[in-house]
Number of protein chains: 2
Amino acid sequence: MFQQRKAHLDARALVLKAMAHPTRLFIIEELAKEERCVCDLTEQIGADISTVSKHLAVLRQAGLVLDDKRGNQVFYRLRVPCILNFFGCVESVLENRAKEQAAYLQAAGR
Amino acid sequence: MFQQRKAHLDARALVLKAMAHPTRLFIIEELAKEERCVCDLTEQIGADISTVSKHLAVLRQAGLVLDDKRGNQVFYRLRVPCILNFFGCVESVLENRAKEQAAYLQAAGR
DNA sequence: GACGTAATTGGCATATTAGCCAAATAGCCA
DNA sequence: TGGCTATTTGGCTAATATGCCAATTACGTC
């Protein structure tokens, strides 16, 4: 892997890594509906608010969400809606896997 | 997060996590061109073959690639080309970030 | 069967991540 | 200013991921 290509791959991997956590995927889906303050997300997720805040920081640093302070709460919103398109593709991966597993089980005579 | 939704998010996160590594992104891009044996990929990447093999196992378990043993080598190919579409979206994230950073530096008078 | 090559697996050391608590920061209102 | 709420940050521990080496497995050839 050449120098330049490596740097580019690293940058991409960072964005993907930011998305690659169930709680952060949840946040992304919720923000796709509408903006939310940290307190609302925290209540939905059921974790410590500091944990949620750190997840949001990861998403922000990756460039996936924007924050907006209003009064003493901070509202987050999705910055890059196109990532939602990707979920359809991920679904197809999951479906393929499920089918394959079913076929395997059938072949095994169960 | 309800039980069912959580399971679904976990499954999605697993697929994303499998993609979220520079070496594995490299492999995905190479396999998008054409199938490759482990030895070829290893040479391109320049890591230990066991390391590459493990990366491929991660991609396989996530359902992203398929393997095909021929003779004493194993050829891998991309199973889900739609993930390539996503890279365009990731690029836009990276571009936005770059622009913002440039604006920030300019505002700071540099 | 013995040898060589390709690939996977096990094991280990190191690095990174996640989540909680406690402490600090920031804004609102009395 | 003091008290209250919302959020972020620091610090710690536990869990997970990475990459190498060594050992094993699988295949082809002699």
Side-chain angles (χ1 to χ4, degrees), chain A residues 1 6-7 9-28 30-31 34-77, chain B residues 1 6-7 9-28 30-31 34-79:
Chain A
M1 292 194 277
K6 171 84 171 109
L9 291 170
D10 283 346
R12 278 189 185 179
L14 229 86
V15 175
L16 284 162
K17 203 151 57 168
M19 296 175 66
H21 189 286
T23 299
R24 294 198 289 266
L25 286 177
F26 177 85
I27 292 172
I28 289 171
E30 290 305 308
L31 297 187
E34 59 180 339
E35 64 168 20
R36 293 277 162 81
C37 66
V38 183
C39 50
D40 281 354
L41 289 170
T42 299
E43 190 177 0
Q44 284 187 280
I45 292 166
D48 194 276
I49 189 172
S50 71
T51 300
V52 175
S53 177
K54 279 179 184 174
H55 280 306
L56 286 165
V58 171
L59 292 172
R60 181 166 19 87
Q61 276 154 30
L64 294 170
V65 302
L66 291 170
D67 58 332
D68 182 19
K69 183 157 203 169
R70 296 208 287 277
N72 66 345
Q73 25 183 232
V74 179
F75 289 85
Y76 280 86
R77 64 179 193 276
Chain B
M1 292 194 277
K6 171 84 171 111
L9 291 169
D10 283 346
R12 279 189 184 180
L14 229 85
V15 174
L16 284 163
K17 204 151 54 169
M19 297 175 65
H21 188 286
T23 300
R24 294 198 288 268
L25 285 178
F26 176 86
I27 292 172
I28 288 171
E30 289 305 306
L31 297 186
E34 59 180 339
E35 65 170 18
R36 292 278 161 82
C37 66
V38 182
C39 51
D40 281 354
L41 289 169
T42 299
E43 191 177 358
Q44 283 188 281
I45 292 166
D48 194 275
I49 188 172
S50 71
T51 300
V52 175
S53 176
K54 280 179 183 173
H55 280 307
L56 287 164
V58 170
L59 292 172
R60 180 164 22 84
Q61 277 154 29
L64 294 169
V65 302
L66 291 170
D67 58 332
D68 181 18
K69 184 159 202 168
R70 295 207 289 276
N72 67 344
Q73 40 191 13
V74 179
F75 289 85
Y76 281 85
R77 64 179 191 278
L78 195 56
R79 188 184 189 180

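Quick note on labels: first sequence line is chain A, next is B, and so on, each numbered from 1. All of these numbers come straight from a predicted model, not from anything done at the bench.
Residue contacts shown for B:Thr42 are absent, as no nucleic acid heavy atom lies under 4.0 Å away. A:Tyr76 comes within 4.0 angstrom of sugar-phosphate atoms only, judged by non-hydrogen atoms across all strands, and of no base.
Along DNA chain C, the nucleotide nearest A:Gly71 and the nucleotide nearest A:Ser50 are compared for position; the residue whose nucleotide lies closer to the 5' end is A:Ser50. When each of A:Asn72 and A:Lys54 is assigned the nucleotide of DNA chain D with its nearest heavy atom, A:Asn72 is the one assigned upstream, toward the 5' end.
Rounding to the nearest 0.5 angstrom, the gap separating the CZ atom in A:Arg36 from the CG atom in A:Leu56 is 12.0 Å. Taken to the nearest 0.5 Å, the NZ atom of B:Lys54 stands 14.0 Å off from the OG1 atom of B:Thr23. To the nearest 0.5 Å, atom CG of residue B:Leu9 and atom CD1 of residue A:Ile28 are 10.0 Å apart. Taken to the nearest 0.5 Å, the CD1 atom of A:Ile27 stands 4.0 Å off from the CD1 atom of A:Ile45.
Within a heavy-atom distance below 4.0 Å of DNA chain C, no residue of residues 56-70 of chain B is found.
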Throw together a table of side-chain donor-acceptor distances under 3.5 angstrom for residues 63-72 of chain B, partners on residues two or more places apart or in other chains.
from    : atom 1 : to      : atom 2 : distance (Å)
B:Asp68 : OD2    : B:Arg70 : NH1    : 2.6
B:Arg70 : NH2    : B:Glu35 : OE2    : 2.5

Result block: side-chain N/O donor-acceptor pairs under 3.5 angstrom for residues 10-20 of chain B, not counting sequence neighbours:
from    : atom 1 : to      : atom 2 : distance (Å)
B:Asp10 : OD1    : B:Lys6  : NZ     : 3.0
B:Arg12 : NE     : A:Glu91 : OE2    : 2.6
B:Arg12 : NH1    : A:Glu29 : OE2    : 2.7
B:Arg12 : NH2    : A:Glu91 : OE2    : 2.9

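Residues meeting the side-chain hydrogen bond (donor to acceptor under 3.5 Å, both in side chains) test with B:His55, sequence neighbours left out: B:Arg24.
Think of the region where chain A sits on DNA chain D: with heavy atoms and a 4.0 Å cut, that region ends 5' and 3' at D:dT5 to D:dG11. Taking every nucleotide of DNA chain C with any atom under 4.0 Å from a non-hydrogen atom of chain B, the first and last of them, 5' to 3', are C:dT5 to C:dG11.
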